[in-house]
Structures are given as structure tokens and as C-alpha cells.
Amino acid sequence: MTIVHSIALDETVKVDRVIDHIRGKKGGPTVVFFGGVHGNETAGVFALKEVFRELHSKKTAVHGELYAISGNLGALESKQRYQTEDLNRIWFQDRIERIIDHQEIRHNEENELGQLYRLIHSILDSGTPPFYFMDLHTTSSNTSPFMVLNDSLLNRKYASNYPLPIILGIEEYLKGALLSYINELGYVSLGFESGQHDDDMAVKNCMEFIRYSLAVTQSVHVSEERKEQLYRNISNSSDAPHRFYEIYHQYDIAPNSNFVMASGYINFQTIPKGADLALVDGIELKTTKKRQIFMPLYQKQGNEGFYFIRPIPVFLLWLSKKLRRFKVDHILVKLPGVEWKGVSKDTLVVDQRVARFFAKSFLHLLGYRARKFDESRLMAKNRESASKFKAYKGTAWYKK
């Protein structure tokens with residue numbers, strides 16, 4: 001058992017890796033919630049304990065299976081984001097193979113990964129589709145609740161059921177995330193950021209998110225009136241508009257650099273040109289033009305200082321949907337400077353010296369997120385081909 005303390009609630013609970021598991025009537029989905037993947041983010045753990053307690057005490061009929069899972073048990077007990085390395089930055093295939101296949105475990109977080117990996121695949125092997133994976137987080141800065149997800153049409157369609165800001169494209173900057181690994185397996189997976197770490201509202205927002213998610217996935221039957229009430233509760237929790245945004249810049253904190261974020265910034269805030277952003281090794285970092293800030297870092301652990309985001313026009317969302325469905329990317333490989341990386345045909349390698357007209361923004365429309373491959377080439381990966389659309393087509397939300 002792991003002892004977890006909430007500063008926000010001034011309460012302590014004991015949890016195992018599986019906080020709770022409810023096996024309901026056959027024929028429903030398998031819904032998996034993670035809390036505490038970062039050990040200083042306890043809101044999800046406490047929210048899951050409470051909502052699952054409600055389900056038991058009210059003897060609520062459940063369709064399918066529900067899981068509440070603790071993320072980084074060691075970091076939760078020690079009240080820090082991570083012990084040796086960020087658990088939400090190490091989900092790479094080669095690393096997983098070393099940990100799982102070769103049993104080469106080098107520190108605490110790799111041990112946590114191994115346990116989570118085996119649990120996730122046990123759920124996938126024994127559970128009934130469709131599968132949903134939701135990761136509950138909080139932020140170091142004050143924030144309105146929002147959702148973060150990898151940019152696949154399946155994720156977009158599911159996330160559109162929530163009246164919240166939805167952030168796309170983080171997988172291009174944030175490498176090795178748990179949800180990216182799960183999304184590459186083809187399942188609906190998303191992150192919910194419920195508020196600031198030590199704010200009791202973050203716990204309440206998490207609870208409302210869990211309840212509404214159980215209604216959307218039809219894991220729990222609720223009346224239309226109750227579902228509408230839950231929808232309003234989610235909507236009222238966020239001051240930022242319900243729309244899609246994309247990340248287009250990340251400030252990476254260099255190793256051994258002294259980074260101090262300027263005080264007072266909150267998510268979605270618009271910042272004028274020339275504003276002080278941070279002190280980096282004693283030098284002021286300023287905006288070069290008007291920006292919209294996202295996830296400013298106000299904690300000691302973490303390598304991402306902040307992001308810049310911008311709203312995605314509705315037309316571009318529509319256009320990207322059409323381009324992906326017509327598989328325009330399969331035409332691109334007939335052009336010079338563009339080729340498939342392998343036989344799976346889900347990764348493009350673009351030679352920028354030849355194909356200079358390929359902007360990242362165009363690759364984004366096709367569902368690709370690009371990373372530097374070497375000095376002259378980009379490697380861009382697409383998750384559309386992995387998405388298990390057929391498993392979700394019979395759901396009420398997919399038919400809407």
C-alpha cells in the first residue's frame with residue numbers, strides 16, 4: 001500500500017497500483033483512468049477514490065469494466081513529480097523492450113513503467129472493446145480545466161463531446177508520454193488537466209470529469225437531464241472557450257540551466273510583445289510578438305518551460321478530416337524528397353533540401369507530427385492507420 005497525501009484536501013489515503021476495479025454487466029466498454037502519473041499531482045487519485053466509492057455505495061449498475069490506476073507510486077509517496085526520471089517521458093518502444101523483454105531496470109520509474117505496461121496489456125487482453133484511456137493531471141500554474149490529446153480523428157471525435165478547450169499537437173514536443181504510447185496502439189486516449197496542483201477545485205473538477213466520462217462512454221446509464229447537468233458542470237468549470245488549439249512552440253530548459261518563470265501567468269493568457277516571460281541564467285526572456293501562453297512552469301522538476309498555442313480555425317479542422325480520409329499522404333510519396341520510413345506506411349521521411357514546400361503545418365493537416373530526423377530530413381509520424389475505428393462505430397457518441 002502507498003500513502004498519498006492531498007495538500008488541497010488535507011487528507012491522506014492508502015492506494016495500491018489498482019485503486020479500484022469494477023466488473024459490470026457484459027456488453028459495455030472498458031474504461032481506464034490513471035491518476036498520479038506525476039507524484040505531485042494527487043487530485044486524480046483522490047477523485048477516483050471518491051467516485052468509485054460512490055459507485056459501490058449506491059450500487060450503481062455498470063456496463064463493462066472500470067479501472068482506476070495509480071501511476072507513479074513511489075513519487076506519490078515521496079510527494080514529488082518523479083524520483084529519478086519523469087515517468088511520462090519514457091514510453092519509447094526500444095526502452096520498453098529493454099525493460100520488459102530483457103529485464104534491464106535502471107531506476108524507480110523504469111520499474112513503475114514495467115508494472116504499468118503489464119497491467120495495461122493484461123487489461124487489453126482480458127477486457128472487452130471499445131477501450132478508453134484517460135489520464136488525470138494538474139498543472140503548476142493556475143488554470144481552467146482543459147484536455148490534451150494526440151491528433152487523430154478518433155481522439156478528436158471523442159473529445160468533441162466535452163465542452164472544454166482541446167489542445168492538439170503536444171506529441172510533437174512532449175516525447176515518450178504514456179498516452180502517446182496507448183494512442184499508437186489505436187485506442188481513444190486523452191489527458192484531462194483539472195486545475196492547479198494544490199487547489200481543492202482540481203479534485204472536484206476531476207470528479208465531474210470522471211462522472212461525465214462514464215455517461216459519454218455509456219459505462220453508467222444516466223438520464224438525459226443528469227447528463228446535461230454534468231455537461232454544464234464541466235462547461236462552467238472552464239473560463240477558456242470550448243475549441244481546438246494547437247501547440248506551435250515549446251521552450252526547452254537546457255540541462256543545468258537556471259530557469260525561473262515570471263510570476264502570474266495562467267494558461268490561455270494572451271501576452272503582449274515585449275513582456276517578460278522568464279529569467280534564464282539571469283537573462284530576461286521576452287516575447288517577440290503577441291503570444292498565447294500555455295503550461296508555464298512553476299515547479300522545480302520539469303524540462304518544458306512553457307508552450308505557445310493558437311486556435312485552430314474550424315475550416316482547417318474540416319479540411320484535415322477530408323484530406324486524411326482520402327489518404328492524400330499516399331500521393332506525397334510519389335513526389336521527390338518524400339518516402340515511407342518502413343512497410344507500415346505510417347511514417348514519412350521528408351528531405352527538406354528537395355521538398356522545401358512541405359511546411360509542418362501541411363503535414364499537420366494530414367495527421368503527421370514531425371520531429372527532426374537529422375540535419376536535412378524530418379521524420380513525421382501518423383496515427384490514423386493505427387486507430388481502431390471499427391471498435392467505436394457502434395457507440396452513441398461516434399454516431400452523432
Side-chain angles (χ1 to χ4, degrees), residues 1-5 14-19 21 32-42 44-45 48 67-127 131 133-138 140 148 150 170-187 189-191 197 250 252-257 295 297 299-304 369 371 379 381 383 386:
M1 297 289 280
T2 297
I3 298 172
V4 184
H5 180 72
K14 293 181 180 180
V15 297
D16 288 315
R17 175 70 67 198
V18 177
I19 299 170
H21 170 218
V32 182
F33 296 96
F34 299 98
V37 170
H38 290 136
N40 61 334
E41 301 176 21
T42 61
V45 173
L48 287 167
Y67 287 87
I69 296 174
S70 297
N72 195 334
L73 289 172
L76 280 165
E77 184 139 35
S78 60
K79 304 180 182 65
Q80 55 188 339
R81 181 179 173 91
Y82 55 85
Q83 297 173 90
T84 306
E85 188 176 8
D86 194 329
L87 177 60
N88 210 28
R89 303 291 187 273
I90 61 175
W91 289 81
F92 299 104
Q93 191 59 43
D94 57 348
R95 197 158 180 179
I96 291 169
E97 289 174 3
R98 171 171 59 77
I99 295 167
I100 301 300
D101 297 340
H102 304 291
Q103 293 294 299
E104 294 181 19
I105 299 171
R106 297 174 181 172
H107 55 63
N108 294 322
E109 271 72 31
E110 291 194 344
N111 183 51
E112 301 274 0
L113 182 148
Q115 293 180 30
L116 285 168
Y117 175 91
R118 291 182 180 91
L119 177 55
I120 290 166
H121 283 273
S122 173
I123 292 169
L124 292 173
D125 290 341
S126 64
F131 292 93
F133 294 87
M134 306 187 201
D135 194 5
L136 308 175
H137 285 268
T138 50
S140 61
V148 181
N150 287 7
I170 198 165
E171 68 268 31
E172 192 165 68
Y173 301 94
L174 192 156
K175 304 174 182 68
L178 167 62
L179 290 181
S180 290
Y181 170 75
I182 293 172
N183 195 226
E184 287 183 9
L185 298 178
Y187 305 107
S189 58
L190 56 90
H197 296 330
Q250 172 186 286
D252 285 311
I253 301 173
N256 302 317
S257 178
M295 302 276 284
L297 183 70
Q299 58 191 9
K300 292 181 179 179
Q301 290 181 312
N303 299 317
E304 300 88 28
R369 294 291 160 177
R371 293 188 182 132
M379 185 171 70
K381 188 171 180 62
R383 292 178 175 84

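Since the structure is predicted, the reported quantities are computational estimates derived from the model, not experimental observations.
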If the threshold is 4.0 Å, N to carboxylate O, is there a salt bridge linking [X] and [Y]?
X      : Y      : answer
Arg383 : Glu171 : yes
Arg95  : Glu104 : no
Lys14  : Glu77  : no

**Request:** Please assess Arg81 against Gln299 for the test side chain to side chain contact (heavy atoms under 4.5 Å, CB included), listing each intermediate value before the final yes or no.
**Result:** CA-CA 9 Å; Arg81 181 179 173 91; Gln299 58 191 9; 3.0 Å; yes

**Residues which pass side chain to side chain contact (heavy atoms under 4.5 Å, CB included) with Glu172, listed by chain and number, not counting sequence neighbours** = Lys360, His364, Arg369, Ala370

**Item:** ring-ring contact (aromatic ring centres under 6.0 Å, His included) contacts touching residues 103-127 (sequence neighbours left out)
**Value:** Tyr117-His121

Using 0.5 Å steps for rounding, measure from the [atom1] atom of [X] to the [atom2] atom of [Y].
X      : Y      : atom1 : atom2 : result
Asn40  : Thr138 : CG    : OG1   : 6.5 Å
Leu174 : Ile170 : CG    : CD1   : 4.5 Å
Glu85  : Asn72  : CD    : CG    : 11.0 Å
Arg118 : Ile100 : CZ    : CD1   : 4.0 Å
Leu73  : Thr2   : CG    : OG1   : 4.0 Å
His38  : Ser140 : NE2   : OG    : 11.0 Å

Are [X] and [Y] side-chain neighbours, meaning at least one heavy-atom pair lies under 4.5 Å?
X      : Y      : answer
Leu87  : Leu116 : yes
Lys175 : Arg89  : no
Val15  : Val45  : yes
Phe34  : Leu136 : no
Thr42  : His5   : no
Val148 : Leu190 : no
Ile69  : Ile120 : no
Ile253 : Leu297 : yes

Looking only at heavy atoms, what is the nearest atom pair of [X] and [Y], with distance?
X      : Y     : result
Leu48  : Gly35 : CD1-N, 4.1 Å
Glu109 : Ile90 : O-CD1, 3.8 Å
Ala75  : Tyr82 : CB-CA, 3.8 Å

**Request:** Using distance alone, with no hydrogens and no angle criterion, decide if Asp252 and Gln250 have a side-chain donor and acceptor under 3.5 Å apart.
**Result:** yes

**Residue pair Ile96, Tyr181: steps toward the side chain to side chain contact (heavy atoms under 4.5 Å, CB included) verdict** = CA-CA 10 Å; Ile96 291 169; Tyr181 170 75; 3.6 Å; yes

Within the side chain of [X], is there an N or O that forms a donor-acceptor pair under 3.5 Å with the backbone of [Y]?
X      : Y      : answer
Ser180 : Gly176 : no
Asp86  : Asn88  : yes
Asn183 : Tyr187 : yes

**Intermediate values then yes/no, side chain to side chain contact (heavy atoms under 4.5 Å, CB included), Leu179 and Asn150** = CA-CA 8 Å; Leu179 290 181; Asn150 287 7; 5.7 Å; no

**Request:** Show your reasoning for whether side chain to side chain contact (heavy atoms under 4.5 Å, CB included) applies to Met134 and Ser189.
**Result:** CA-CA 6 Å; Met134 306 187 201; Ser189 58; over 6 Å; no

